[in-house]
Amino acid sequence: MTSFASKAFCRTEKLFHHLPVVLNTFLVFSITAEVSYLVIVEAPLEADQKKTEWSSWWKMIHLLAQYFMLLNICWNAMLFVRTSPSIKGVFLGGEGMGQGWRYCYTCETHTPPRCSHCYDCKVCILRRDHHCVFFGQCVGFRNYRFFLSCLLFMWSGLLYATLMNAEVFIVILKEGVTVHSILLLLIPWIMLVSGQVSARAFAFAFIADTCVVGFLLVSGFFFFHLFLLFRGQTTREWYSSRRPYNLGLLGNLRDTLGLRWYLCWLCPLIPSHLPGDGISFQVTGSLEPTR
């Protein structure tokens, strides 16, 4: 009985571990499909605006922009998940141990500065930033570039999708700010279950709401990490007034995104060698805590 309960718990844990990735993938592809539909079929949505129907070239440009962003989101996300930022396979011994090194009793090894143990990943992470619950993976030294690039294209994609869905809000609110229109925007699920709206109206309203909420959330994450990047800090270090690893704007960009920081965000396949090894870092200030 104990063995069965243990197996059931492990399977449930694995299911919930992958659930955020599945939901994110579903939402990304749903938003892309809805915006593509708006471009191809329903642009513009209003019948009296059909005289301004887009040309085939203009629609093609929109579709290329959409799938360029979608491809970058998926590719960066895949490389982020597949690139391990942990200490596995990294030689940490030798004479380089010094100030800032700690001993991890779980991994049973000495770890360098900016490295800490993640109890979700069950291993120490080099230059650990945080554990991303949406991908089930830690953000660290080797995969930070893919994480930030994914955020960039998610932010730009959601901004584009929100602007494209502006007419959806206009159509919903065309009858005025009524109880029906407000409820359709705020709780489309309830309106669908109660039979107040059609499945088509629900799908447009739900995805439009998702675009707005997703854009606000991703904007917060994206600009927060840009702020940290410019300061040469990780999420675990941002509350401190000390910035001992701050190399200046260009130095921080090279140290985090690699030597080709100005190109690597365009495509995850562009090589951008990181100048460091994730173990030792150039220190520009004191590591001692301020008093």
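Sequence positions, counted from 1, serve as the residue numbers for this chain. What you see is a predicted model, and the numbers here were worked out from it, not measured in a lab.
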Using side-chain heavy atoms (C-beta onward) and a distance below 4.5 Å, is [X] in contact with [Y]?
X    : Y    : result
N72  : P268 : yes
L159 : W155 : yes
T83  : F146 : yes
I31  : L158 : yes
F29  : L70  : yes
Y144 : R127 : yes
L228 : T234 : no
I40  : L63  : yes

Taking all heavy atoms of [X] and all of [Y], pick out the closest pair and write down the distance.
X    : Y    : result
H131 : C138 : ND1-SG, 3.6 Å
Q66  : S36  : OE1-OG, 2.8 Å
G278 : L126 : O-CD2, 3.5 Å
C107 : C104 : N-SG, 3.3 Å
S116 : R128 : OG-CD, 3.1 Å

Does a donor on one side chain sit under 3.5 Å from an acceptor on the other, for [X] and [Y]?
X    : Y    : value
Q233 : N246 : no
Y67  : T32  : no
W261 : S272 : no

Within the distance-only criterion (no hydrogens, no angle test), does the side chain of [X] pair as donor or acceptor with the backbone N or O of [Y] below 3.5 angstrom?
X    : Y    : answer
D277 : S280 : yes
D129 : G140 : no
T284 : P244 : yes
R145 : W265 : no
N143 : Q137 : no
T256 : L253 : no
D255 : G251 : no

What distance do [X] atom [atom1] and [Y] atom [atom2] have between them, rounded to the nearest 0.5 Å?
X    : Y    : atom1 : atom2 : answer
R236 : I125 : CZ    : CD1   : 11.0 Å
C124 : E108 : SG    : CD    : 11.0 Å
S149 : L257 : OG    : CG    : 6.5 Å
L226 : L148 : CG    : CG    : 6.0 Å
C74  : M78  : SG    : CE    : 9.0 Å
C150 : N24  : SG    : CG    : 9.0 Å

Would one find more than 12 heavy atoms of other residues, nucleotides or ligands at under 6.0 Å from atom CZ of F224? yes
Please determine whether the number of non-hydrogen atoms from other residues, nucleotides or ligands lying under 6.0 Å from atom OH of Y105 exceeds 12. no
Connected via hydrophobic side-chain network under 4.5 Å: [X] and [Y]:
X    : Y    : value
M154 : L266 : yes
L229 : L259 : no
V35  : L64  : no
F222 : L217 : no
I87  : W101 : yes

Taking the six-membered ring for Trp, are [X] and [Y] parallel (under 30°), tilted (30 to 60°) or perpendicular (over 60°)?
X    : Y    : value
F80  : F147 : tilted
F204 : Y37  : tilted
H62  : Y160 : tilted
F134 : F221 : perpendicular

Trace of the side-chain contact (heavy atoms from CB on, under 4.5 Å) decision for K88 with V123: CA-CA 8 Å; K88 291 181 178 179; V123 69; 4.0 Å; yes
Check ion pair R114-E237 (N to O, under 4.0 angstrom): yes
Test side-chain contact (heavy atoms from CB on, under 4.5 Å) applied to R254 and L274, step by step: CA-CA 7 Å; R254 284 192 294 267; L274 292 170; over 6 Å; no
Could you go through the side-chain contact (heavy atoms from CB on, under 4.5 Å) check for F230 and N252 one step at a time? CA-CA 6 Å; F230 295 157; N252 293 335; 5.6 Å; no
Indicate, with yes or no, if the rings of H117 and Y119 have centres closer together than 6.0 Å. yes
